[in-house]
Amino acid sequence: MTKQKRFMLTESELPTQWYNIQADMPNKPLPPLHPATRQPLGVEDLAHIFPLECCKQELNTTDSFIDIPEEVLEKYKFYRSTPLVRAYELEKALGTPAHIYFKNESVNPLGSHKINSALPQCYYAKQEGTTNVTTETGAGQWGAALSYAASVFGLEAAVYQVKISMQQKPYRSSIMRTFGATVEGSPSMSTRAGKDIITKNPMHMGSLGTAISEAVELAMTTPGCKYTLGSVLNHVAIHQSIIGLEAEKQMEKAGEYPDTVIACFGGGSNFGGIAFPFMRHNILDGKNTEFIAAEPESCPKLTRGKFDYDFGDEAGLTPLLPMYTLGHDFRPANIHAGGLRYHGAGMIVSQLIKDGYMHGVDIPQLETFEAGILFARTEGIIPAPESSHAIAATIREALKCKQTGEEKVILFNLSGHGLIDMTAYDQYINGDLMNYQVTDEDIAKNHIGTV
Ligand SMILES: *Cc1c(COP(=O)(O)O)cnc(C)c1O
């Protein structure tokens, strides 16, 4: 008998609602605050920057399930369901009794999970009469997804891309331009925030924090323009729940239920996406699944950050968000996993860590590439450097099972492919990459909140 490797859903089996874990959390996330007044922000306050429907979802702590608009479902069908795959060859190479499954979110026109939220954000913006959208992008995955979604729904897109990533991954800018977007390296001279950052530090190679400052400024000063964010915020995690909701049905087809769920962690959207639909059963039905978020050793906000109110951007333009943070002016090393170079964690995840529902683990850069290459050679897919953090964490767990003999079921999210990151793989293979540890002094010198 041949063993089944891929588990798919038919079109009629696709989820028609997203999951909103806020409704089921015993302790709700603390509210975002106005930076000057320190008063909790309402839907109207957020709606100056974001599409209104996204703001409603952001603060929705009552509805566990939210309907996916028909028009968005139609676009999801271009690439969903994504495959759930049993990684038999990886298991064999590790000699582990664990059953390893991965959800392959790299199988779509843009190559990462980001498209799952770009489509609804652009759909809502269009519905509400917006003509332009703007955003920041690190590695370029979010910018690419947003550029595509904007073109699908007939919007103009302006993207600020972190300068270092633009140099490391020039093809992502080409992808964005192919879909019709305008792309600018951040920090740029085209905004007040960008000019201030360059004046203070002319060699600044950019961070997600600088790019967010610039995009938010553009949205606030341009009529008919809304800002969109690819991670961190609650409504993004809601849209990404499509990953876990599908995986839940696919695991059922495989006849298993995960003991451990793992994803890499930048701002928390692909982690929340795969984890929350399963965590729901920990909260409501007494299941005992372990949830692990894999972050880079060089940007350890989950394990070494402080839980506090902090800005989402470097210049301090965004609302104050309650989160595990390394400080909004923390500047992570230029690792290749550009999508994980963010100083803070999402509000939902931060509360869930405080309440003990999940935990973070730090992975050194070289271990992630070693894991990525083993995965490529066994399963035939070259993973994004971000996703390789999840693979490395999975390998650690699978090797523990080898020690104990436990047949654990491990599910991880393959958030994207690495076909535009081959420079990074070349550098690793040539021995030109290194690890970046962060000292306690590095962490202590950064600013949290308004101080
Ligand atoms: C952006 C990105 C991430 C990190 O963002 P999250 O919001 O934490 O998911 C991870 N993997 C890939 C491929 C990405 O593009």
Side-chain angles (χ1 to χ4, degrees), residues 82 102-118 121 135-148 159 161-162 165 168-169 172 175-176 207-208 211-212 228-244 261-276 291-296 299 301-302 312 323-324 332 335-350 353 358 360 363 368 371-372 375 381-393 412-421 424:
T82 63
F102 64 92
K103 181 75 167 149
N104 189 352
E105 287 296 311
S106 80
V107 190
N108 72 58
L110 279 306
S112 88
H113 69 285
K114 297 274 191 343
I115 188 175
N116 300 331
S117 184
Q121 290 193 45
T135 196
E136 82 298 330
T137 193
Q141 295 274 30
W142 170 245
L146 187 82
S147 303
Y148 165 74
V159 180
Q161 181 171 17
V162 177
S165 296
Q168 287 173 341
K169 296 162 197 203
R172 286 262 161 63
I175 293 172
M176 292 184 252
S207 65
L208 282 174
I212 294 173
T228 63
L229 192 55
S231 184
V232 183
L233 295 178
N234 305 341
H235 66 269
V236 185
I238 291 174
H239 304 155
Q240 294 296 351
S241 69
I242 190 78
I243 303 171
V261 175
I262 298 173
C264 66
F265 196 99
S269 79
N270 93 92
F271 173 85
I274 193 151
F276 294 166
F291 297 93
I292 304 175
E295 63 180 1
C299 195
K301 65 233 174 200
L302 301 179
M323 58 186 185
Y324 279 93
I335 57 164
H336 280 281
L340 309 186
R341 294 175 74 244
Y342 186 65
H343 66 274
M347 292 177 276
I348 294 176
V349 160
S350 294
I353 290 184
M358 55 171 284
I363 318 269
T368 68
F375 187 73
I381 300 168
I382 297 178
E386 290 86 357
S387 315
S388 292
H389 288 69
I391 299 172
F412 78 86
N413 193 42
L414 184 74
S415 53
H417 69 65
L419 293 178
I420 301 177
D421 302 281

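One is the number of the first residue; the rest follow in order along the sequence. When a ligand or atom number is given, it counts from 1 through the structure's own listing order.
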Give every pair formed by an N or O atom of ligand 1 and a protein N or O atom closer than 3.5 Å, one pair per line with both atom names and the distance to 0.1 Å, or write none.
unit_1: ligand 1; atom_1: 7 (O); unit_2: S231; atom_2: OG; d: 2.4
unit_1: ligand 1; atom_1: 7 (O); unit_2: S269; atom_2: N; d: 2.9
unit_1: ligand 1; atom_1: 7 (O); unit_2: S269; atom_2: OG; d: 2.8
unit_1: ligand 1; atom_1: 8 (O); unit_2: G266; atom_2: N; d: 2.6
unit_1: ligand 1; atom_1: 8 (O); unit_2: G267; atom_2: N; d: 2.9
unit_1: ligand 1; atom_1: 8 (O); unit_2: G268; atom_2: N; d: 2.9
unit_1: ligand 1; atom_1: 9 (O); unit_2: H113; atom_2: NE2; d: 3.2
unit_1: ligand 1; atom_1: 9 (O); unit_2: S269; atom_2: OG; d: 3.3
unit_1: ligand 1; atom_1: 9 (O); unit_2: N270; atom_2: N; d: 2.8
unit_1: ligand 1; atom_1: 9 (O); unit_2: N270; atom_2: ND2; d: 2.7
unit_1: ligand 1; atom_1: 11 (N); unit_2: S415; atom_2: OG; d: 2.7
unit_1: ligand 1; atom_1: 15 (O); unit_2: K114; atom_2: NZ; d: 2.7

Show me the donor-acceptor pairs, under 3.5 Å and distance only, between side chains in residues 335-342 and residues at least two apart or in other chains.
unit_1: H336; atom_1: NE2; unit_2: Q427; atom_2: OE1; d: 2.9
unit_1: R341; atom_1: NE; unit_2: A333; atom_2: O; d: 2.8
unit_1: R341; atom_1: NH2; unit_2: P332; atom_2: O; d: 2.9
unit_1: R341; atom_1: NH2; unit_2: N334; atom_2: OD1; d: 3.0
unit_1: Y342; atom_1: OH; unit_2: G312; atom_2: O; d: 2.6

- prompt: Residues in side-chain hydrogen bond (donor to acceptor under 3.5 Å, both in side chains) with S106, at least two apart?
  reply: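 Partners of S106 by the side-chain hydrogen bond (donor to acceptor under 3.5 Å, both in side chains) criterion, ordered by chain and then number, come out as N104.
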
Close side-chain approach of [X] to [Y], heavy-atom, < 4.5 Å:
X    : Y    : value
F271 : Q240 : no
M323 : H343 : yes
F291 : I353 : no

- request: With sequence neighbours excluded, tell me which residues meet side chain to side chain contact (heavy atoms under 4.5 Å, CB included) with I274.
  value: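 Checked I274 against side chain to side chain contact (heavy atoms under 4.5 Å, CB included); matches are K103, I243, V261, A263, L411, N413.
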
